There are 2 protein chains.
Amino acid sequence: MHSYTEENYLKALFNLANDKGEVSPNELSKRLAIKMPTVNSMMKKLAEKKLVHYESYKPLRLTDKGRKEAGLVIRKHRLTEMFLVQKMDFGWEQVHEIAEQIEHLHSPLFFEKIDEMLGYPTLDPHGSPIPDKTGKIDWVHYEKLSDCKAGETVKLAAVIQTTDEFLKFLNSRELHLGSKIKIKTVERFDGSMVVTYNKKTAESLSHTVSERLLVEKL
Amino acid sequence: MHSYTEENYLKALFNLANDKGEVSPNELSKRLAIKMPTVNSMMKKLAEKKLVHYESYKPLRLTDKGRKEAGLVIRKHRLTEMFLVQKMDFGWEQVHEIAEQIEHLHSPLFFEKIDEMLGYPTLDPHGSPIPDKTGKIDWVHYEKLSDCKAGETVKLAAVIQTTDEFLKFLNSRELHLGSKIKIKTVERFDGSMVVTYNKKTAESLSHTVSERLLVEKL
DNA sequence: TAAATTTGTTAGATTCGTCTAAGTTATTAT
DNA sequence: ATAATAACTTAGACGAATCTAACAAATTTA
């Protein structure tokens, strides 16, 4: 079993991994708000445990084992978020903090029960995929709303970089997963969009917002 | 805020306290399965924090502050147990382990929600009182079944020393909180009792069992 | 390409919670 | 009442996870 701390490093490595699966020590240090030397020594420790590939001055990569462990922690996190929203009536902007703690519980029974109560969900409340019991993620390809063109109609499928403030912002605009969005115009200048959704009058979305919204084309 | 570890010491002190509110370092050491010197230094630390009264070679006592903090941890534990049983359909013998972990979460919101969903319960699934939001316990006086006499009819109100095995034993005998128990005979020799309950034929309960069952006289 | 900057590493210190070994005080038993 | 035992304390070590200071390598910029 891994410590609370180790689990957090694994999760961060997983979440930061680019298409090559590589993460720089510096990125990791910033993400965790932990100084580089600490990260460095933890990477050596995780390398000892065969969870991370570590070589001096090279990017970090999770091993298959490390990726699986990370996936299982993320699974617990996302199942928990789903449970909090669906069974305990929390808002999608409230659940991250709580799930950050519950994800570290050691109780297969507890998470199996949650999974069952939820009907074995595959997506969390923000539209992110829930890893399966082997830690694997079934990646679905969505497009960023910011990559869509005027005239298209799309459905909001997932939200990324889900900070508290961003989710509250979406709440205030009544934008939810599943919202059907029609793109009226796209500004050349700043990439902002005018859109309509939910029978409402036109709303303007900045590029900062639209690149964090993942959509499915209809 | 107190650490996970400190919370466990406070809880153990609370649970071990006798009528004088005193606990010996040795008892505490045994309960926590932590060696005496470690307990000793932790007591000094908690004394620094004004959570424990500590004097060399004297019994330990929680301060008012310490008792409050302990009560609040126990509150979270018992609310959690109630939630697991009532809302997640766990058995009363399954919830202790999970609650031992969840009790250390730092999220007032989470526990308030649980409390609300449960309708502000005052007893946990084993009949133990749930401390209020100030950490205070509303002690109710029940009698031990072992102190009752032949001919009496009582209602099972609470179970103490609730180990896994003991609760499973009660399950196997179909003894639940609320069961109405008629005491047929009491053995002089070993204190065992023959009782009937739940329309069943007579069952024999050893003294070891009956002294862990708290009852209300009817 | 050489200097400046950023990134990464090493070395050594600190805090927390634990331990063992050894000594001291209190309690129990003879 | 003294010896034996049990309870308690002190001293010192250790691993985990963190830090700062100083140095080394890689990258960027001039």
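Computed over heavy atoms, backbone and side chain alike; hydrogens, waters and symmetry mates excluded. Here the structure is a predicted model, which is why all the values come from computation and not from measurement. Below, read A as the first sequence line, B as the second, and so on, with proteins coming before strands; counting in each chain starts at 1.
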(message) Strictly below 4.0 Å, N to O, side chains only: are Lys11(A) and Glu100(A) in salt-bridge contact?
(response) yes

(request) State plainly whether the residues Glu112(B) and Lys133(B) are in salt-bridge range, i.e. N to O under 4.0 Å. (result) no

(message) Could you tell me if the side chain of Met117(A) sits less than 4.5 Å from the side chain of Phe83(A), heavy atoms only?
(response) yes

(request) Look at all strands and tell whether Lys44(A) reaches a base, only sugar-phosphate, or nothing, counting heavy atoms closer than 4.0 Å. (result) sugar-phosphate

(message) Do Leu32(A) and Tyr9(A) make a side-chain contact, defined as non-hydrogen atoms from C-beta onward lying under 4.5 Å apart?
(response) yes

(message) When you compare the side chain of Thr122(B) with that of Asp138(B), does any pair of heavy atoms fall below 4.5 Å?
(response) no

(request) Please state how far atom CD in Glu7(B) lies from atom P in dC16(C), giving the value in whole angstrom units. (result) 16 Å

(message) On the six-membered ring of Phe111(B), is Arg75(B) placed so that its NZ or CZ lies under 6.0 angstrom from the centre and within 45° of the ring axis?
(response) no

(message) What does the B/S/- profile of nucleotides 18-27 of chain D look like, 5' to 3', with a 4.0 Å heavy-atom cutoff to protein?
(response) BBBB--BS--

(request) Using atom CG of Leu60(A) as one end and atom C1' of dT7(C) as the other, report the distance to the nearest whole Å. (result) 12 Å

(message) Looking only at the side chains, is there a donor atom on one of Ser24(A) and Asn26(A) sitting less than 3.5 Å from an acceptor on the other?
(response) no

(request) Remember a base hit wins even if backbone is also touched, and classify Tyr54(B) as base, sugar-phosphate or nothing at under 4.0 Å, heavy atoms. (result) sugar-phosphate

(request) May I have the distance from Glu55(B) (atom CD) to dT24(C) (atom P), rounded to whole angstrom? (result) 22 Å

(request) State, yes or no, whether a side-chain contact exists between Thr162(B) and Trp92(B) at a heavy-atom distance under 4.5 Å. (result) no

(request) Nearest whole angstrom, please: distance from the P of dG15(D) to the NE2 of His2(A). (result) 21 Å

(request) Taking only heavy atoms on the protein side, list every residue of residues 11-31 of chain B lying under 4.0 Å from any atom of DNA chain C, sorted numerically. (result) none

(request) Could you check if a side-chain atom of Pro131(B) sits within less than 4.5 angstrom of a side-chain atom of Lys68(B), using non-hydrogen atoms only? (result) no

(request) Write down the distance between CG (Asn40(B)) and P (dT20(C)), rounded to a whole number of angstrom. (result) 15 Å

(message) With the threshold set at under 4.0 Å for non-hydrogen atoms, list the residues of residues 67-74 of chain A touching DNA chain D in residue-number order.
(response) none

(message) Does Glu97(A) form a side chain to side chain contact (heavy atoms under 4.5 Å, CB included) with Gln94(A)? I'd like the steps, not just the answer.
(response) CA-CA 7 Å; Glu97(A) 289 266 304; Gln94(A) 300 179 300; over 6 Å; no

(message) I'd like to check Met88(A) versus Ile114(B) (side-chain heavy atoms, cut-off strictly below 4.5 Å). Are they in contact?
(response) yes

